[in-house]
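Notes for the one structure printed next.
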Amino acid sequence: MHQDPAMDDEMLQHRARALAEEFNLPAGEADKIAIQAAAVLATVRLLDDVPLDRAEPAATYHFVAAPNPRRSES
Amino acid sequence: MSDLHWMGATELAGAIAARRLSPVEVVRYFLDRIDRYDEQLKSYLSVFGDAALAAARQAEAAVIRGRALGPLHGVPIPVKDLLDVAGTPTTAGSAFLSEPATADSTVVSRLRAAGAIILGKLNLHEFAYGPEGINVHHGTPLNPWDRETPRLPGGSSSGSAVAVAAGLAPAAIGSDTGGSIRIPAACCGVVGLKPTYGRVSRAGSIPLSWSLDHFGPLARSASDAGAILWAIAGQDPADPTTSFAPAPESGRVAIATAPRWRLGLLTQFLEQADGEVQSAMRRAADDLAALGCIVEPVRLETARFAEAVSVAITGAEALAFHEPLLRRHAAHYAADVRQRLLTGRFLSAGDYVNAQRARALIRNEVNEALTRFDCLLAPTVPTSAPEVNAAQVTLAGESVPTRRSLLLFTRLANVSGHPAIAVPCGFSPTGMPLSLQLIGRAYDEMTLICIAQAYEQATPWQRHPEGF
């Protein structure tokens, strides 16, 4: 379900180079994307520590702080 | 007239309704100030001089005829250039969007209905994707509190905060996906209010992240922010996420009848802030206690996941919107924004869904804490505004990327959807503003505004930068 935690620098750089080619990015930008992607993935992997067995399935009403009042009015 | 630029939005509206000020002279006054200062400040991307004066003449005629006036009648209010204003392009701070909008966004049409005059459109971090508030295409707005050492204005609503702080508008509209109203408000020493998710329509705007985006006011006081919020709030058939929750008819606050609020001080955020912010927060807690509030420490177990949730959701949703644009215009994006957008390609579908599941846990814990407290108290940002070229800041002895540091304490309320307000709470030894953040119950912005106003009235932190 999630990104391979073992995705190494070489794999990130390979994917970043492919992206740079796909979007015709300036030379050198692939390296910057790879560095940022490593930081993003390190942050997102903190989600692995969330006790998701307690979490409800994702649904639209999760977007709001409380059930939308119109639900109780309908 | 000499201090007209430091008058608040509701004070101006009152003076106009009482015929002490003419909407035409107010609009002319602000247009003159924009002419005089904005080449340096770079807070506006476009100024609607002729249209604003025409609207001001109509507003003046309505006053003379004694017609019923809206709560913002004759008050000039600019909006972040993410919102459509009919007949003008919505650039989102980019260099390539130039098609004129065919209709007003809901926020703009509601401002007009309340009597406000749309003065212009404000600068921002391109596509609202950056808390620094820089803009490589149009120039970065100048933080008016330090003209010697350029400091970040904060973003992404940098133009909104700078315009209000420097007296080029009495109030403005910004947007907030990870802190983009509150961060620039904190950096520039003004009030910024992110409403509850669902309170304000996003129809007619350019999105960054649909499930995290909010529009709200930046102003000189909490009561002004409230008055503007109630003008733009409410259900909108054009935005299905908007709520039917009723908005109070007035942002006015009766401090004399204020209850003894219970405030939960988020210690895990306080501990991450630098020393000058910690001192200001402890002083603010003491000031609030002196007002009769009960301040107690609180920790939220799930708050540490807010950053990961925000990064995963924003990364996925922003890429979903921008990928078609990137295919045509990648070379025209600012490099930092383009790179940030493309890192969304490294996220998986599972990351996005699990972030939404984690979000439910965070929301539930914040809701539970707010059964014990009227609001949660935290710093808005962990430092005063960093220097423009500072890539890192030091927090608790650790070097942290500046971008990440700015977002540390604001993402929580975007992820949970709760309302949050940033209020000035002091100054650093170098004279830069510091800010506290209050996070409240869903659809109870009024309590936040009441507490913020009580705090404002008891403290001396509503100041203006010199030289403007």
Side-chain angles (χ1 to χ4, degrees), chain A residues 1-5 7 11-74, chain B residues 196-198 210-212 235 240-246 302 304-305 307-312 315 323 326-327 330-331 335-336 338-340 342-364 366-367 370 401 404 413 416-419 441-443:
Chain A
M1 279 296 286
H2 56 74
Q3 210 83 41
D4 179 0
M7 184 185 282
M11 176 70 80
L12 282 174
Q13 283 170 10
H14 173 76
R15 292 186 59 183
R17 281 195 297 272
L19 264 180
E21 191 173 331
E22 182 181 347
F23 288 92
N24 290 314
L25 303 186
E29 197 147 316
D31 290 343
K32 292 177 181 171
I33 290 173
I35 291 167
Q36 286 196 36
V40 163
L41 290 176
T43 300
V44 169
R45 287 282 56 81
L46 292 177
L47 291 173
D48 295 343
D49 297 335
V50 180
L52 285 176
D53 54 321
R54 290 194 282 131
E56 305 156 56
T60 307
Y61 67 83
H62 285 178
F63 294 167
V64 296
N68 192 321
R70 69 180 156 184
R71 289 172 174 272
S72 58
E73 289 175 5
S74 60
Chain B
T196 310
Y197 186 88
W210 294 284
S211 73
L212 294 165
Q235 200 275 335
T241 66
T242 50
S243 168
F244 282 84
T302 59
R304 65 195 171 99
F305 301 123
E307 181 181 21
V309 168
S310 172
V311 166
E323 191 161 347
L326 280 163
R327 292 203 177 282
D336 71 307
R338 177 173 63 221
Q339 291 159 19
R340 204 168 293 145
L342 287 172
T343 59
R345 278 285 198 93
F346 292 78
L347 298 165
S348 71
D351 290 333
Y352 179 77
V353 171
N354 284 334
Q356 293 287 13
R357 295 173 74 198
R359 186 177 188 178
L361 295 180
I362 296 170
R363 178 204 64 193
N364 291 347
V366 175
N367 277 338
L370 288 168
R404 178 169 180 252
S416 73
H418 292 81
R441 298 185 188 107
Y443 303 109

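Chain naming here is simple, since letters A, B, ... match the order of the sequence lines and numbering starts at 1 in each.
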For [X] and [Y], which heavy atoms make the closest approach, and how far apart are they?
X: T343(B); Y: I33(A); answer: CG2-O, 4.0 Å
X: T43(A); Y: A308(B); answer: O-CB, 3.2 Å
X: L19(A); Y: L342(B); answer: CD1-O, 3.6 Å

(message) Let me confirm one number: the CG-CD distance from D31(A) to Q339(B), rounded to the nearest 0.5 Å.
(response) 10.5 Å
(message) So, taking the atom named CZ in R338(B) and the one named NZ in K32(A), what distance separates them when rounded to the nearest 0.5 Å?
(response) 9.0 Å
Flag the pair [X] / [Y] as yes when at least one side-chain heavy-atom distance between them is below 4.5 Å, and no otherwise.
X: V309(B); Y: V50(A); answer: no
X: L52(A); Y: N354(B); answer: yes
X: V40(A); Y: F346(B); answer: no

(message) Can you tell me which portion of A42(A) sits under 4.5 Å from chain B's heavy atoms? Options are side chain, backbone, both or neither.
(response) neither
(request) Check whether A331(B) gets within reach of chain A through its side chain, its backbone, both or neither, counting any heavy atom under 4.5 Å. (result) neither
(message) Less than 4.5 Å to any heavy atom of chain A: does that hold for the side chain of R340(B), its backbone, both, or neither?
(response) both
(message) Donor-acceptor pair, distance only, cut-off 3.5 Å: does the side chain of R304(B) make one with the backbone of L46(A)?
(response) no
